[in-house]
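Residues take their numbers from the sequence shown, with the count starting at 1.
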Amino acid sequence: MANTLHAIDVLLVGGGPAGIAAAVALRRQGLRRVVLLEREDCAGGVPRHCGHPPFGMREFGRVCTGPAYARRLVDLAQAAGVELRVRTTVLGLQREATLDTVSPAGRERLHARRVILATGVRETPRAARLLSGDRPLGVMNTGALQAFVYLRGLVPFQRPLIVGTELVAISALLTCRKAGIRPVALVEAAARPITHWPCALFPRLLGIPVHYGTQLLEIRGRQRVASVLLQHADGRREEIACDGVLLTGDFVPEAALVRESHLVLDAATGGPRVDQFGRCSDPGFFAAGNLLRPIETAGWCFREGTRIGNAVADDLAGRLPPAAQQLAIACSEGIRYVMPQRISLPLSPQGLPDLQLRVDRQTRGLLSVSAQGRTIWQQRLRSLPQRRILVALPELALLKGADSLRIALSDARDGPHEALNP
């Protein structure tokens with residue numbers, strides 16, 4: 001390693017909305033040296049190549065396109081006195097809040113009093129989706145499409161098939177419309193759209209056919225995509241001519257650094273295991289934004305980053321409850337994940353105000369939280385996968401002596417599920 005630096009208060013990894021918001025919060029709390037590391041040529045995160053609104057209404061009081069929002073984030077960080085280091089890649093996480101990095105200046109080992117990880121999410125690529133068929137040009141994710149269109153001024157195809165109906169699929173449609181691309185269809189394996197229904201109307205308003213309960217079986221083509229083979233809900237197979245395939249959504253946290261480190265990874269979220277302050281299993285490390293779970297909006301991540309930044313400032317000032325006494329959280333079979341996965345006691349107003357949950361299927365029933373066999377919170381629930389479910393931490397009547405919580409889902413169709421181990 002070329003250098004070892006010890007004068008940094010907080011290091012942040014990732015220059016998206018969560019990382020920048022946390023850095024600004026730290027500076028406003030009086031931390032003198034806050035250093036944000038970004039591997040790209042400029043900070044701003046995913047919004048940099050989302051050339052459409054709406055971004056920034058809550059943060060800046062106006063509706064922005066993604067690039068304008070990203071520029072405002074960078075301006076906000078610079079005005080707050082955050083030290084931005086672009087083209088800097090973190091190679092590994094070490095104990096005692098230490099990072100191994102590389103940049104055009106060479107390799108460095110950076111040490112701080114605390115580290116905040118905010119590396120965001122990525123869409124699942126073709127290889128991980130196990131799609132069969134040929135390997136032609138023209139198969140990509142939304143991020144690649146937006147980089148082609150907004151950053152390079154290129155149009156990679158004219159008549160693609162779009163796979164998925166998460167909110168990012170609507171973003172992909174807006175990008176296609178901007179570039180004059182006319183998708184041949186949009187397909188979704190589920191029986192209904194994943195995103196909220198007003199957004200799900202958008203492709204139909206554009207005259208684009210939408211097929212639910214439809215799977216992409218095979219991609220065909222030699223040099224470029226020529227067609228795809230689909231299987232519809234009734235079992236019927238259909239070949240559709242197209243010149244590209246756009247794979248949207250199916251997000252996973254960008255947690256490679258966590259997986260290769262000493263930090264505990266949560267199998268359900270795919271991100272680090274944290275308490276309500278974003279504190280990881282090593283209390284020198286915190287996490288914020290979409291690294292914690294897939295996926296929330298830029299505005300949500302900005303607000304979450306602000307809370308985590310304030311929590312880290314409180315931690316450095318000795319105002320945060322220590323990580324010594326924690327409640328582990330166990331979830332029932334019908335719940336996809338919960339975040340945070342631990343609650344540090346005693347409860348305090350700092351940090352994240354809610355437990356965030358997702359169910360793994362369409363659900364209508366009773367959601368309950370119990371401790372030592374007693375129900376301490378419950379609420380009627382009607383939800384779909386990908387819909388955010390919040391349980392306010394101040395509403396939990398925590399029992400003295402409890403060391404764990406159990407979140408159970410009683411589905412009206414098949415009764416309560418057994419709890420899984422935390």
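Classification of Glu108 and Arg85 as a salt-bridged pair holds, one side-chain N sitting under 4.0 Å from a carboxylate O. Between Glu304 and Arg293, at least one side-chain N (NZ, or NE/NH1/NH2) sits under 4.0 Å from a carboxylate O, which counts as a salt bridge. No salt bridge links Arg159 with Asp243; every basic N to acidic carboxylate O contact stays at or beyond 4.0 Å. A salt bridge links Arg114 with Asp315; the closest basic N to acidic carboxylate O contact falls under 4.0 Å. Between Arg358 and Glu296, at least one side-chain N (NZ, or NE/NH1/NH2) sits under 4.0 Å from a carboxylate O, which counts as a salt bridge.
Ser332 OG to Arg406 CZ: the interatomic distance, rounded to the nearest 0.5 Å, is 7.0 Å. One distance of note links CG of Leu390 with CG of Leu357; it measures 8.5 Å at 0.5 Å rounding. Going from atom CG of Leu230 over to atom NE2 of His232 covers 5.5 Å, rounded to the nearest 0.5 Å. The distance from the CG atom of Leu206 to the CG atom of Leu174 is 8.0 Å, given to the nearest 0.5 Å. To the nearest 0.5 Å, the span separating CZ on Arg237 from CG on Leu217 amounts to 5.0 Å. Leu327 CG to Ser404 OG: the interatomic distance, rounded to the nearest 0.5 Å, is 7.5 Å.
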Stepwise, does the side-chain hydrogen bond (donor to acceptor under 3.5 Å, both in side chains) test hold for Arg273 with Gln341?
-> CA-CA 6 Å; Arg273 190 186 73 188; Gln341 300 83 20; 5.9 Å; no

Between Glu38 and Glu40, is a side-chain contact (heavy atoms from CB on, under 4.5 Å) present by the stated rule, with each step listed?
-> CA-CA 6 Å; Glu38 169 56 53; Glu40 302 292 340; 3.1 Å; yes

Steps toward side-chain hydrogen bond (donor to acceptor under 3.5 Å, both in side chains) verdict (Asn310, Gln350) = CA-CA 8 Å; Asn310 287 332; Gln350 302 109 310; over 6 Å; no

Determine, step by step, whether Leu11 and Leu37 satisfy the side-chain contact (heavy atoms from CB on, under 4.5 Å) criterion, reporting the C-alpha distance in whole Å, the side-chain angles of both residues, the deciding distance to 0.1 Å, and the verdict.
-> CA-CA 7 Å; Leu11 279 165; Leu37 309 178; 4.3 Å; yes

side-chain contact (heavy atoms from CB on, under 4.5 Å) between Leu355 and Ile329, worked out = CA-CA 10 Å; Leu355 296 177; Ile329 302 176; 3.7 Å; yes

Go through Arg382 and Gln362 one step at a time and tell me if the side-chain contact (heavy atoms from CB on, under 4.5 Å) criterion holds.
-> CA-CA 8 Å; Arg382 184 174 184 178; Gln362 184 175 351; 5.8 Å; no

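Between the Asp134 side chain and the Gly221 main chain, a donor and an acceptor come within less than 3.5 Å of each other. Checking side-chain atoms of Asp275 against main-chain N and O of Phe277 turns up a donor-acceptor pair under 3.5 Å. Counting only distance, with no hydrogens or angles, the side chain of Thr375 and the backbone of Trp377 share no donor-acceptor pair below 3.5 Å. Counting only distance, with no hydrogens or angles, the side chain of Asp266 and the backbone of Thr269 share a donor-acceptor pair below 3.5 Å. Under a 3.5 Å cut-off, the side chain of Thr306 and the backbone N or O of Phe302 do form a donor-acceptor pair. Between the side chain of Thr88 and the backbone N or O of Val86, at least one donor-acceptor pair lies under 3.5 Å. At distances below 3.5 Å, not a single donor-acceptor pair connects side-chain atoms of Arg87 with backbone N or O atoms of Asp41. In this structure, the side chain of Asn141 engages the main chain of Leu247 through a donor-acceptor pair within 3.5 Å. Side-chain N or O atoms of Arg220 include none that pairs as donor or acceptor with a backbone N or O of Glu218 at under 3.5 Å.
Within the 4.5 Å cutoff, no side-chain heavy atoms of Ile194 are placed close to those of Leu167. Proximity of Thr248 to Val163: side-chain heavy atoms (C-beta onward) are nowhere separated by under 4.5 Å. Residues Ile208 and Ile162 form no side-chain contact, since every pair of their non-hydrogen atoms from C-beta on lies 4.5 Å or further apart. A heavy-atom distance below 4.5 Å is not found between the side chains of Val35 and Leu12. Proximity of Ile335 to Ile407: side-chain heavy atoms (C-beta onward) are separated by under 4.5 Å at one or more points. Considering only heavy atoms from C-beta on, Val391 comes within 4.5 Å of Leu367 through its side chain. Looking only at side-chain heavy atoms (C-beta outward), Pro253 and Pro294 come within less than 4.5 Å of each other. At a threshold of 4.5 Å between non-hydrogen side-chain atoms, the residues Val245 and Leu216 count as touching.
Taking each heavy atom of Ala233 and Thr214 in turn, the nearest pair found is N-OG1, 4.5 Å. Here the closest non-hydrogen pair linking Arg95 and Asp282 is CA-OD2, 4.0 Å. Closest approach of Gly44 to Ala70, counting heavy atoms only: CA-CB, 3.8 Å. A pairwise comparison of heavy atoms in Arg224 and Pro136 identifies C-CB, 3.3 Å as the closest pair. Of all non-hydrogen atoms in Arg204 and Val210, the two that sit nearest each other are NH2-O, 3.7 Å. In this structure, Val74 and Ala43 approach most closely via the heavy-atom pair CG2-O, 3.5 Å.
For Arg58, the CZ atom sits in a loose shell: 12 or fewer heavy atoms of surrounding residues, nucleotides or ligands are nearer than 6.0 Å. The 12-atom threshold is exceeded at CZ of Arg236, counting heavy atoms of other residues, nucleotides or ligands nearer than 6.0 Å.
Judged by distance alone, the side chains of His52 and Thr65 never bring a donor and an acceptor atom under 3.5 Å apart. Donor-acceptor pairing under 3.5 Å is recorded for the side chains of Gln94 and Asp100. Residues Thr142 and Glu123 have side chains that bring a donor and an acceptor to within less than 3.5 angstrom of each other. Checking Ser227 against Glu239 by side-chain atom types alone, a donor-acceptor pair falls below 3.5 Å. Looking only at atom types and distance, the side chain of Ser344 has a donor-acceptor partner in the side chain of Arg279 under 3.5 Å away. Residues Arg342 and Gln326 bring no donor and acceptor atom of their side chains to less than 3.5 Å of each other. Side-chain contact check for Gln356 and Tyr337: no donor-acceptor pair (N or O, by modelled atom type) lies under 3.5 Å. With 3.5 Å as the limit, one finds no donor-acceptor pair spanning the side chains of Glu188 and His211. A side-chain N or O of Gln146 and one of Ser171 form a donor-acceptor pair less than 3.5 Å apart.
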With a cut-off of 3.5 Å and sequence neighbours excluded, list every side-chain donor-acceptor pair involving residues 14-24.
none

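For the pair Arg72 and Phe60, the cation sits on the ring face: its NZ or CZ lies under 6.0 Å from the ring centre, inside 45° of the axis. Cation-pi geometry between Arg388 and Trp300 is satisfied (NZ or CZ under 6.0 Å from the ring centre, within 45° of the ring normal).
Residues passing the salt bridge (charged side-chain N to carboxylate O under 4.0 Å, His left out) test with Arg152, sequence neighbours excluded: none.
Aromatic ring centres of His262 and Phe285 lie closer together than 6.0 Å.
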